[in-house]
Amino acid sequence: MKSASSFARRLFKSHSQHTHTHSPKENRENTGSYDAINVILNHDFSEGLHLWRTNCCNAFVVPAGSGNHKGTAEDVCCSYAVVTDRKECWQGLEQDITSRVSAGCVYTVSACVGVSGTFLGSTDVQATLRLVYQKADTSYFFISKKSVTKEGWQMLEGSFSLSTMPDQVVFYLEGPSPGSDLLIKSVIITCPSCTDYESSGLTSSCIDDEKIILNANFDDSLNSWSGRGCKVVCHDCMAHENINPTSGKYFASATERTQSWNGIQQDITGRVKRKLAYEMTAIVRLYGHNVNSADVRGTLWVQGADNREQYIGIAKVQATDKDWVQLQGKFLLNDSPSKAVIFLEGPPPGMDILLNSLVVNHAAKPPPPPPPVVENAVFGVNIITNNHLNNGTNGWFPLGNCRMSVQTGSPHIIPPMARDSLGAHDHLSGRYIAVTNRTETWMGPAQVITDKVKLYLTYQVSAWIKIGQQTSGPQNVSVALGVDDQWVNGGQVEVSDDQWHEIGGSFRIEKQAAKVMVYVQGPTAGVDLMVAGLHIFPVDRRARFNHLKRQTEKIRKRDVILKFSGSNFGTSVRVRQKQNSFPFGSCICRTNMDNEDFNDFFVKNFNWAVFGNELKWYSTEPQQQGKFNYRDADELLDFCTRNNIQVRGHCIFWEVESTVQEWIRSLNNNDHLMRAVQNRLSGLLTRYKGKFKHYDVNNEMMHGSYYQERLGKEIWEKMFKEAHQLDPSAILFVNDYHVEDGCDTRSSPEKYIEHILDLQDQGAPVGGIGIQGHIDNPVGPIICSALDKLSILGLPIWFTEVDVSSNNEHLRADDLEVMLREAFAHPAVEGVILWGFWELFMSRENAHLVNAEGDLNEAGKRYLALKQEWLSHTHGHIDDQAQFSFRGFHGSYEVDVVTASKKITKTLVVDKGDDALVISIDI
């Protein structure tokens with residue numbers, strides 16, 4: 001059994017913990033003559049493992065009346081937890097009690113515990129506190145231990161008091177011998193001198209959510225509420241407009257608004273805690289005569305102890321002047337602010353914001369969804385009826401008043417991307433549907449496929465497309481799906497000549513639809529449309545993964561021969577890879593650095609970073625020319641440098657006009673704009689010379705042209721040239737989205753190649769290709785096709801902003817695996833950056849790997865599993881030629897060599913190379 005001090009030195013995974021709202025009555029235990037508060041929630045496991053967390057082991061609850069793990073009759077009427085799969089004595093069960101304890105109070109601990117296993121005699125069960133400090137080392141507080149046998153339950157009792165309050169206090173039970181199970185029937189922690197919430201100081205929002213927002217329904221008029229740059233009024237009705245509260249007796253209006261940020265607000269300083277997820281729910285409406293609908297936003301303004309200000313967007317909803325609507329969203333604070341104010345804003349000046357109620361609660365943690373079950377999935381089978389057109393247009397119908405006919409002369413082979421998914425397949429018939437008399441762009445051939453589409457399967461879309469000669473300009477053609485009243489993009493292609501073009505895309509349906517219709521559309525009215533070999537089929541991702549694993553073995557590994565001198569035949573060797581050299585990074589933001597749990601996960605699991613906004617021009621010079629803010633970027637860069645994290649510079653410019661700050665757009669003189677551009681280049685790249693390995697020089701040039709329209713075509717080339725002169729060590733990238741998914745003709749691989757070649761022809765030193773990777777329903781062959789096309793340029797390709805989104809985290813994990821495996825298996829790809837991983841700190845919802853309070857979800861588990869798969873470990877013995885050979889992933893290794901008399905450890909690096917790497921080791 002380790003001592004308490006040795007427990008403090010172990011490697012340990014720490015997470016913040018959900019807390020659960022109970023009424024005072026529910027949270028009390030009778031402990032003699034007083035009615036004291038039990039700090040532990042769900043103390044008797046009547047709610048399963050809710051609010052409890054395992055430490056690197058597993059646990060389950062034996063419910064009351066279901067038999068028992070130990071075989072004692074007394075357990076039939078009681079639930080208890082069984083902590084199993086324990087490989088270390090410190091592994092056990094924990095609960096975060098930060099918000100329910102106070103400094104200076106003496107707390108008593110009483111836990112009913114037991115053990116089970118194959119050990120002999122007795123073993124110790126220990127109660128411990130983990131005390132986490134934001135700016136100091138984590139420490140451990142030993143409470144008590146109890147020697148327990150397998151004969152029955154024992155009471156572990158002790159006490160503790162905290163002289164100061166840490167940032168996090170976690171109580172846990174641990175201690176039995178590895179391999180044995182720890183049993184816990186109940187845990188009670190009370191402070192005898194504290195019999196109610198007020199006297200104990202437990203006024204935290206986590207104990208009583210009603211105390212976060214005061215006077216939430218305006219029963220006390222406008223008490224606790226105020227106007228943010230405007231006037232607020234309390235109403236019981238607006239009789240002249242027939243507006244009444246939808247609940248309660250009153251509502252408030254924010255009126256006389258002269259700015260979009262004006263609204264109603266409440267100061268909630270001290271009533272929300274760091275690292276806990278909160279949910280805001282408000283009932284809102286508009287009133288005014290100029291606009292009948294507009295966005296209403298819920299925002300949290302916080303000010304740190306260092307006076308740093310932050311605006312946190314919580315939620316947005318389109319409100320109207322006709323009905324009350326619900327505004328709902330979540331937020332989390334990484335640090336403890338000195339000031340926190342929640343407010344509503346958004347509509348244009350002159351519109352009143354009406355608020356019926358606003359409540360903030362600790363966000364309930366939804367149960368994890370089960371993996372989707374798809375019965376009788378037949379991969380690779382086309383769900384389109386009569387796709388060979390053997391029966392004329394049977395199964396098809398014209399969408400709109402156009403005409404359809406079957407003709408011959410289309411390709412006999414399946415389009416390449418579909419062929420890559422399907423493998424060897426029958427040839428096409430050579431027949432196609434010709435659509436004429438089209439009077440609208442949406443007119444084309446259609447089929448209803450409602451009964452053929454299965455939920456949760458990813459479908460690949462493929463067809464040959466051609467247009468008539470009624471136009472001389474390029475035309476966009478798309479395969480679209482009508483899913484009830486929603487339009488879904490199934491793929492797009494630009495067609496500009498008398499040739500057949502491949503169209504490819506994908507889709508997935510995750511909610512049952514009453515009607516699903518597929519149709520081909522797009523050319524302008526009057527242009528004939530021709531469609532051949534339309535295929536829609538579910539893709540077999542597992543089969544694709546097996547192919548990618550073989551590809552990965554070829555390009556990401558190298559043969560290694562270790563040659564030993566001074567060794568004997570049979571000497572044992574163990575090879576452990578410490579890190580794969582392939583760059584896996586993530587987007588981070590300055591506010592994330594205040595959350596030690598975020599920092600811990602990031603540093604352990606990524607070796608590259610990109611800043612979300614902190615380096616962008618609108619952040620470093622936001623509101624006034626010459627007034628700079630590099631503080632956030634400097635602090636992020638310092639954090640990355642301390643942790644040996646390489647950094648991409650994103651971005652010097654952003655070509656999309658909506659991202660250009662107001663003071664730049666107000667520069668009517670182009671000479672002044674050019675001077676501002678040059679100052680941006682020289683200021684940024686001189687300040688950070690040699691510190692950013694990459695720069696995205698001008699973000700999303702395929703989707704914007706602000707600077708080019710103002711300063712001429714040559715401005716793009718000048719940006720690249722000037723950046724290279726200022727920092728020759730940095731690799732300069734283009735960076736854009738929808739390059740890899742087939743759903744945007746503006747940034748197709750062909751268009752992207754043309755764009756890069758044009759820049760190079762002008763002399764721009766383009767050194768890398770950025771594919772953002774914001775993708776839905778990824779399909780491997782479509783991604784690979786884009787990579788193959790782009791690789792002809794001979795430039796390194798990086799996925800720079802990868803995120804995948806699905807409400808079901810199992811589907812999200814599958815999508816992420818597609819992206820990572822395709823990237824890792826392609827020789828032209830040299831790095832992958834995720835666009836974040838922590839819930840509430842990503843630009844897309846339902847894209848996170850880690851939940852707001854630190855729980856790893858299925859997507860996060862999949863990411864870590866892939867990272868582990870891409871590490872090489874092996875062991876064996878030196879052969880009779882004093883050699884040991886293996887094939888391993890590129891990266892850093894430790895090699896343990898054990899002889900009869902000693903053990904030595906050597907480090908080595910396996911870099912890229914076609915020949916075997918021979919390394920001599922003298923032992």
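Positions are given from 1, in the same order as the sequence printed here.
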- Between Asp181 and Thr84, do the side chains contain an N or O donor and an N or O acceptor separated by less than 3.5 Å? yes
- Partner residues of Phe582 under the ring pair (Phe, Tyr, Trp, His ring centres under 6.0 Å) criterion, sequence neighbours left out: Phe584, Phe824
- Message: Nearest 0.5 angstrom please: Asp815 CG to Ser506 OG, how far?
- Response: 9.0 Å
- Sequence neighbours excluded - salt bridge (Lys or Arg N to Asp or Glu O under 4.0 Å) pairs with any residue from residues 776-790: Glu750-Lys789, Asp776-Arg844
- Message: Can a donor-acceptor pair be found, under 3.5 Å and without considering hydrogens, that links the side chain of Glu858 to the backbone of Glu809?
- Response: no
- Less than 4.5 Å apart, any side-chain heavy atom of Leu871 and any of Asn580? yes
- Message: With side-chain contact (heavy atoms from CB on, under 4.5 Å) as the criterion, how do Phe601 and Leu864 come out once you've worked through the C-alpha distance, each side chain's angles and the decisive distance to 0.1 Å?
- Response: CA-CA 11 Å; Phe601 187 91; Leu864 295 185; 4.3 Å; yes
- Message: Between Glu510 and Ser806, is there a side-chain donor-acceptor contact under 3.5 Å, judged purely by atom types and distance?
- Response: yes
- Message: Could you work out, with ring pair (Phe, Tyr, Trp, His ring centres under 6.0 Å) as the rule, every residue matching Trp500, not counting sequence neighbours?
- Response: Tyr432
- His703: what forms a ring pair (Phe, Tyr, Trp, His ring centres under 6.0 Å) with it, not counting sequence neighbours? Tyr737
- Determine, step by step, whether Glu494 and Ser748 satisfy the side-chain contact (heavy atoms from CB on, under 4.5 Å) criterion, reporting the C-alpha distance in whole Å, the side-chain angles of both residues, the deciding distance to 0.1 Å, and the verdict. CA-CA 9 Å; Glu494 186 178 84; Ser748 67; over 6 Å; no
- With under 30° as parallel and over 60° as perpendicular, where do the rings of His535 and His388 fit, or are they tilted in between? perpendicular
- Item | Those residues that, when tested against Phe602, pass ring pair (Phe, Tyr, Trp, His ring centres under 6.0 Å) (two or more places apart) | Phe606
- Message: Below 30° counts as parallel, above 60° as perpendicular, anything between as tilted: where do the rings of Trp835 and His774 land?
- Response: perpendicular
- Evaluate the ring planes of Phe507 and Tyr459, with Trp represented by its six-membered ring, and classify them as parallel (under 30°), tilted (30 to 60°) or perpendicular (over 60°). parallel
- Query: Taking only residues two or more places apart in sequence, or in another chain, which ones meet Lys861 in a side chain to side chain donor-acceptor pair (under 3.5 Å)?
  - Reply: none
- Message: Once side chain to side chain donor-acceptor pair (under 3.5 Å) is applied, do any residues pair with Ser46, and if so which ones, sequence neighbours excluded?
- Response: Asp44
- In short, side-chain hydrogen bond (donor to acceptor under 3.5 Å, both in side chains) pairs touching residues 478-493 with sequence neighbours left out are Ser478-Gln521
- Message: Just to verify, what does Glu845 make a side chain to side chain donor-acceptor pair (under 3.5 Å) with, not counting sequence neighbours?
- Response: none
Side-chain donor-acceptor pairs under 3.5 Å in residues 441-449, sequence neighbours left out?
from	atom 1	to	atom 2	distance (Å)
Gln447	OE1	Thr385	N	3.0
Gln447	NE2	Thr385	O	2.6

- Query: Looking at residues at least two apart in the chain, or sitting in another chain, which of them share a side-chain contact (heavy atoms from CB on, under 4.5 Å) with Arg550?
  - Reply: Asn546, His547
- Partners meeting side chain to side chain donor-acceptor pair (under 3.5 Å) with Ser805 (sequence neighbours left out): none
